[in-house]
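As structure tokens, the structure follows; a few thoughts come after it.
We name chains A, B, ... by the order of the sequence lines, and we start the count at 1 in each one.
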Number of protein chains: 2
Amino acid sequence: MMLMNNKEKLRKAGLRPTKQRMIIANILLNGINRHFTAENLQNEINSSGNSMSIATIYNCLKKFRNCGLIKQVESSKETAIFDTNIDQHHHFLDEETGELIDIENEEINLFKLPEIPKGYMNSGVEVLIKLKRQN
Amino acid sequence: MMLMNNKEKLRKAGLRPTKQRMIIANILLNGINRHFTAENLQNEINSSGNSMSIATIYNCLKKFRNCGLIKQVESSKETAIFDTNIDQHHHFLDEETGELIDIENEEINLFKLPEIPKGYMNSGVEVLIKLKRQN
DNA sequence: AAGTAGTTTAGAACGATTTCAAAGTAAAAA
DNA sequence: TTTTTACTTTGAAATCGTTCTAAACTACTT
Ligand SMILES: [Mn+2]
Ligand SMILES: [Mn+2]
Ligand SMILES: [Zn+2]
Ligand SMILES: [Zn+2]
């Protein structure tokens, strides 16, 4: 598990390890957690000496998300924000800048959760703590 | 307080009670909590026998939000979702349909919140419980 | 009543994302 | 290998939600 390379990760997820997907996997799946937009990613691809159509970037991000390799953050910003941290976790949100900061799952303790509506099951709990600058 | 009509609410919020704002206030500020998009609202305005430019609807929603008469929900949907429930509260999200269901603030108990980053203050906590259809 | 500042409007513009259809490539079959 | 097949990438056009523009309108003040 710890030793699986990106090509293997893509294969395991059922995705062909194309040149473009490998470029993106090499940027995103390196163990460093981050939040980013499609445009952020394109800039990184460009500065790594590669280039990629924005359509391909969106295609890949959607595939990666649907395979569970990345997540998309719930955000009321106009631009979609993705997250390489796929573990259940929470966020601080700087309302002024839109910056997100991870909160590890263990740092929040929820007790007394409401009853799940009939016919549904809990598929993940996310806590968002909004921040404003002090004073 | 309980007896304040919509015209007074707008005045108190510093907004001129124009014909258009009153039409929207009459739909939204009737004490029934709901989640809606700009398009949802336009449809309701139309079926109430009125009509309004979509630009005006966006203008109003932004003013109402900035005055605290409504809130905007954090959502990764492409379309902005607004909420007439301005009290701090939480949501169930049906991931399949995008439907939101309110959870009263008292129905969730958070203890052990993480330390707020230096220079910031907590400006609101929102819990999202994602739901998927059982089985 | 006249002045003014704020508001509404249709339509154009915008930015993010998706679609399109043609060309390219990875995997499977022969 | 070569051939075949299905999947992927691409740039350009299209779409969609939202904002901008500037002219007409209206609520409030004087
Ligand atoms: Mn969004
Ligand atoms: Mn948009
Ligand atoms: Zn995160
Ligand atoms: Zn709500």
Side-chain angles (χ1 to χ4, degrees), chain A residues 5-27 35-46 48 50-67 69-83 98, chain B residues 5-27 35-46 48 50-67 69-83 98:
Chain A
N5 65 27
N6 287 334
K7 188 175 282 196
E8 291 171 319
K9 283 183 195 161
L10 292 177
R11 284 236 151 81
K12 190 176 165 212
L15 299 177
R16 286 187 182 178
T18 63
K19 176 164 164 278
Q20 288 79 0
R21 286 175 185 161
M22 285 301 295
I23 290 170
I24 291 181
N26 289 336
I27 292 174
H35 306 112
F36 64 96
T37 65
E39 196 193 3
N40 294 156
L41 179 56
Q42 188 172 45
N43 290 338
E44 276 195 70
I45 291 167
N46 291 339
S48 77
N50 293 290
S51 79
M52 201 175 301
S53 161
I54 192 67
T56 301
I57 291 173
Y58 278 106
N59 287 343
C60 279
L61 289 176
K62 189 177 286 190
K63 291 273 190 186
F64 278 34
R65 166 166 51 75
N66 292 344
C67 291
L69 292 170
I70 62 175
K71 294 204 298 188
Q72 183 171 354
V73 175
E74 301 288 330
S75 161
S76 58
K77 302 199 67 184
E78 58 295 333
T79 307
I81 299 174
F82 297 90
D83 194 338
Chain B
N5 64 27
N6 288 334
K7 188 174 281 195
E8 291 170 321
K9 282 183 195 161
L10 292 177
R11 283 233 152 82
K12 191 177 165 212
L15 299 177
R16 287 189 182 176
T18 64
K19 176 165 165 276
Q20 288 79 0
R21 285 176 185 158
M22 284 301 296
I23 290 170
I24 291 181
N26 289 336
I27 292 174
H35 308 109
F36 64 96
T37 65
E39 196 193 1
N40 294 157
L41 178 57
Q42 188 172 45
N43 291 338
E44 276 194 69
I45 291 168
N46 291 339
S48 77
N50 293 289
S51 80
M52 203 177 299
S53 161
I54 191 68
T56 301
I57 292 173
Y58 278 106
N59 286 344
C60 279
L61 289 176
K62 189 178 286 191
K63 291 274 190 185
F64 279 33
R65 166 165 53 75
N66 292 343
C67 291
L69 292 170
I70 62 175
K71 294 203 298 189
Q72 184 172 354
V73 174
E74 300 289 330
S75 161
S76 59
K77 300 199 70 186
E78 58 295 332
T79 307
I81 299 175
F82 297 89
D83 194 338

Should the heavy atoms of other residues, nucleotides or ligands under 6.0 Å from CD of B:E39 be counted, would the total exceed 12? no
How would nucleotides 19-28 of chain C be written as a contact map, 5' to 3', with B for base contact, S for sugar-phosphate-only contact and - for no contact, using protein heavy atoms under 4.0 Å? B------BS-
Where is the tightest heavy-atom contact between [X] and [Y], given as atom of each residue plus distance?
X	Y	answer
A:G98	A:K77	CA-CD, 4.3 Å
A:A13	A:C67	O-SG, 3.5 Å
B:S75	B:I81	OG-CD1, 3.8 Å

A side-chain contact here means heavy atoms from C-beta on lying under 4.5 Å apart; do B:K62 and B:N66 qualify? yes
Flag the pair B:Q20 / B:N59 as yes when at least one side-chain heavy-atom distance between them is below 4.5 Å, and no otherwise. no
Rounded to whole Å, please give me the gap between [atom1] in [X] and [atom2] in [N].
X	N	atom1	atom2	answer
B:I54	D:dT19	CD1	P	11 Å
B:K63	C:dA5	NZ	C1'	12 Å
A:N40	C:dT17	CG	P	11 Å
B:N43	D:dG17	CG	P	12 Å
B:M52	D:dC25	CE	P	18 Å
A:L61	C:dT18	CG	C1'	14 Å
A:Y58	D:dG11	OH	P	15 Å
A:I57	C:dT17	CD1	C1'	12 Å

Between its two end axes (five pairs each) the helix from C:dA1-D:dT30 to C:dA30-D:dT1 turns, nearest 10 degrees, through 30°
[X] side chain vs [Y] backbone, donor-acceptor pair below 3.5 Å:
X	Y	result
A:R21	A:R16	yes
A:Q72	A:F82	no
A:N40	A:T37	yes

Near DNA chain C, counting only heavy atoms under 4.0 Å, which residues of residues 69-77 of chain B show up? none
Nearest to side-chain heavy atoms of A:R21, which nucleotide of D:dT8, C:dT8, D:dG17: D:dT8
Could you list the residues that satisfy salt bridge (charged side-chain N to carboxylate O under 4.0 Å, His left out) with A:E44, not counting sequence neighbours? A:R34
Phosphate oxygens OP1/OP2 of D:dT10: is one of them under 4.0 Å from a side-chain N or O of A:T56? yes
Using only side-chain N and O atoms of A:Q20, determine if any of them is under 4.0 Å from OP1 or OP2 of D:dT10. yes
A:Y58: which residues meet the ring-ring contact (aromatic ring centres under 6.0 Å, His included) condition with it, sequence neighbours left out? none
A:D83: which residues meet the side chain to side chain contact (heavy atoms under 4.5 Å, CB included) condition with it, sequence neighbours left out? A:H35, A:K71, A:V73, A:N85, A:H89, A:H91, A:D102
Hey, which of these two, A:G14 or B:I81, hits DNA chain D nearer its 5' end, going by closest nucleotide? A:G14
